[in-house]
**Student:** 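A single structure is presented below for examination.
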There are 2 protein chains.
Amino acid sequence: MSRRQMVRPGGRSARVQASVHTAVRELQTEVGRDALTVPLVAQRAGVTPSTIYRRWGDLKELLSDVAVERLRPDTAPKDHGDLSSDLAAWAEQFLDEMASPTGRGYIRDALLGDPDGSNAGQCSAYAVQQINVLLTRAADRGENTPDVETVVDRVVAPLMYRILFRPDGLDAEYARRLVKGVPARPTGR
Amino acid sequence: MSRRQMVRPGGRSARVQASVHTAVRELQTEVGRDALTVPLVAQRAGVTPSTIYRRWGDLKELLSDVAVERLRPDTAPKDHGDLSSDLAAWAEQFLDEMASPTGRGYIRDALLGDPDGSNAGQCSAYAVQQINVLLTRAADRGENTPDVETVVDRVVAPLMYRILFRPDGLDAEYARRLVKGVPARPTGR
DNA sequence: CTGTAGACGCAAGGATTTTGCTTTAAGGTG
DNA sequence: CACCTTAAAGCAAAATCCTTGCGTCTACAG
């Protein structure tokens with residue numbers, strides 16, 4: 001979230017933020033992301049443009065906030081019985097969601113309008129959180145587990161790098177191969 | 001490069017492109033990247049704003065082109081005698097250049113104004129090219145070498161991911177550790 | 001040398017962004 | 001509960017930026 005968010009959580013402020021976010025999401029599907037403008041969003045949200053400019057600075061930052069919201073995982077990853085199956089399934093789903101044109105758009109938006117890097121950090125935190133669920137679950141089963149940072153380096157980072165820099169030739173098989181490259185135990189660091 | 005570049009390589013077109021790019025670079029250091037506007041760049045370049053809008057579309061795309069130019073490696077990586085030293089040195093330098101505020105800015109710009117993804121692809125191609133120099137050099141020495149894609153997954157991707165999503169806590173030691181995680185031989189794929 | 005077409009300059013028109021001032025309402029205080 | 005304080009929103013004018021049509025120039029081809 002940008003520096004301007006979350007002040008006066010209850011009341012008008014919150015209502016304005018909600019209606020602006022809703023307006024962005026609706027218009028994204030109706031007119032497409034490239035046709036969005038601040039005045040357009042303001043009109044749909046029933047708000048004056050200057051309100052948006054004052055709170056978010058510009059369209060990029062607003063889109064960044066909305067993108068982070070949409071990138072938040074809404075469900076805990078399913079249990080497949082063992083860590084490597086869990087990781088493989090999670091990686092495939094991650095790739096599916098993130099590599100789609102929509103997903104790529106959100107990632108780019110999240111990165112773009114992010115002066116202090118907190119929105120990008122939040123995206124990473126979501127992934128870390130999901131992976132931690134898998135890892136603690138595995139540890140509870142008595143499995144040996146790598147640490148989160150290793151999974152980030154070996155799975156999340158390659159997926160993201162390719163999504164952003166080389167969107168071609170990505171498939172579930174690649175995601176599975178990455179998971180196979182994760183060592184079974186914590187790496188010495 | 002955008003779709004509008006490199007038409008009529010000689011003559012006026014080329015002069016305009018050069019002076020616009022120069023104007024962007026100069027103004028970036030003088031007034032800072034956030035204060036750049038198309039009219040400002042146009043004035044410095046001795047060109048009318050509409051020329052820039054017609055050729056590049058908007059500021060994002062122009063900045064993206066300039067950023068890719070600046071991300072192009074200008075020198076072949078030095079020879080340290082063996083592959084792992086070469087990779088370690090290259091990774092450290094890569095991190096140095098890319099993780100700085102300036103470097104991050106260029107990467108973000110390159111990603112940002114890139115409708116078709118060709119600029120981002122070019123960034124990745126630069127890294128691949130440099131790594132290939134190291135790998136063929138090692139092969140000429142008779143060393144076993146991993147393939148480029150493995151180095152990209154194990155070294156470049158984690159560095160980039162962290163630069164973009166979690167800029168804190170990056171140091172040369174981390175780059176070296178990544179290089180140690182590269183297998184000595186090609187991975188079966 | 002001449003023709004052609006792509007690229008630029010200029011200027012008008014429209015849209016967006018910024019900004020000063022006023023008004024509203026959330027949250028605290030007596 | 002009434003009052004005070006202040007962050008945030010509304011409003012409107014001004015500044016800035018973006019778009020577009022048209023005329024001109026110049027690189028390249030024949």
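Chain letters run A, B, ... following the sequence lines, proteins first and then strands; every chain starts at 1.
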**Student:** What residues form a side-chain contact (heavy atoms from CB on, under 4.5 Å) with A:Ser50, not counting sequence neighbours?
**Tutor:** A:Thr48
**Student:** I need the CD1-P distance between A:Ile52 and D:dC11, as an integer number of Å.
**Tutor:** 14 Å
**Student:** Just how far, in rounded Å, is P of C:dG9 from CD of B:Gln43?
**Tutor:** 14 Å
**Student:** Could you give the angle between the helix axes at the two ends of the helix from C:dC1-D:dG30 to C:dA12-D:dT19, with five pairs per end, rounded to 10 degrees?
**Tutor:** 20°
**Student:** Listing request: all salt bridge (charged side-chain N to carboxylate O under 4.0 Å, His left out) pairs with a residue in residues 119-130 of chain B, at least two apart in sequence or in separate chains.
**Tutor:** none
**Student:** In whole angstroms, how far is the P atom of C:dT16 from the NZ atom of A:Lys60?
**Tutor:** 17 Å
**Student:** Output the residues of residues 22-37 of chain B in contact with DNA chain C, where contact means a heavy atom of the residue under 4.0 Å from an atom of the strand; sort by number or write none.
**Tutor:** none
**Student:** Rounded off to whole Å, could you give me the CH2-to-C1' distance for the B:Trp56 and C:dA7 pair?
**Tutor:** 11 Å
**Student:** What pairs meet the ring-ring contact (aromatic ring centres under 6.0 Å, His included) rule with one or both residues in residues 92-129 of chain A, with sequence neighbours excluded?
**Tutor:** A:Trp90-A:Phe94
**Student:** Would you say a side-chain N or O of A:Arg15 is under 4.0 Å from OP1 or OP2 of D:dA9?
**Tutor:** no
**Student:** What pairs meet the ring-ring contact (aromatic ring centres under 6.0 Å, His included) rule with one or both residues in residues 134-161 of chain B, with sequence neighbours excluded?
**Tutor:** B:Tyr161-B:Phe165
**Student:** Regarding A:Asp114 and B:Arg108, does a basic nitrogen lie under 4.0 Å from an acidic carboxylate oxygen?
**Tutor:** no
**Student:** List the protein contact pattern of nucleotides 18-24 of chain C with one symbol per nucleotide (5' to 3'): B for base contact, S for sugar-phosphate-only contact, - for none; contact means a heavy-atom distance under 4.0 Å.
**Tutor:** BBBB--B
**Student:** Partners of A:Thr136 by side-chain hydrogen bond (donor to acceptor under 3.5 Å, both in side chains), sequence neighbours excluded?
**Tutor:** none
**Student:** Side-chain donor-acceptor pair under 3.5 Å between B:Asp82 and B:Ser85, yes or no?
**Tutor:** yes
**Student:** Could you pull out all residues at least two apart from A:Thr22 that satisfy side-chain contact (heavy atoms from CB on, under 4.5 Å)?
**Tutor:** A:Arg25, A:Glu26
**Student:** Considering residues at least two apart in sequence or located in another chain, which fulfil the side-chain hydrogen bond (donor to acceptor under 3.5 Å, both in side chains) criterion with B:Glu30?
**Tutor:** B:Arg44
**Student:** Strictly below 4.0 Å: does B:Thr51 bring a side-chain N or O up to OP1 or OP2 of C:dG9?
**Tutor:** yes
**Student:** Which residues pass the side-chain hydrogen bond (donor to acceptor under 3.5 Å, both in side chains) test with B:Asp109, sequence neighbours left out?
**Tutor:** B:Arg33
**Student:** Do any pairs count as a salt bridge (charged side-chain N to carboxylate O under 4.0 Å, His left out) and have a residue in residues 84-95 of chain B, sequence neighbours left out, and if so which ones?
**Tutor:** B:Asp86-B:Arg137, B:Asp86-B:Arg141, B:Glu92-B:Arg176
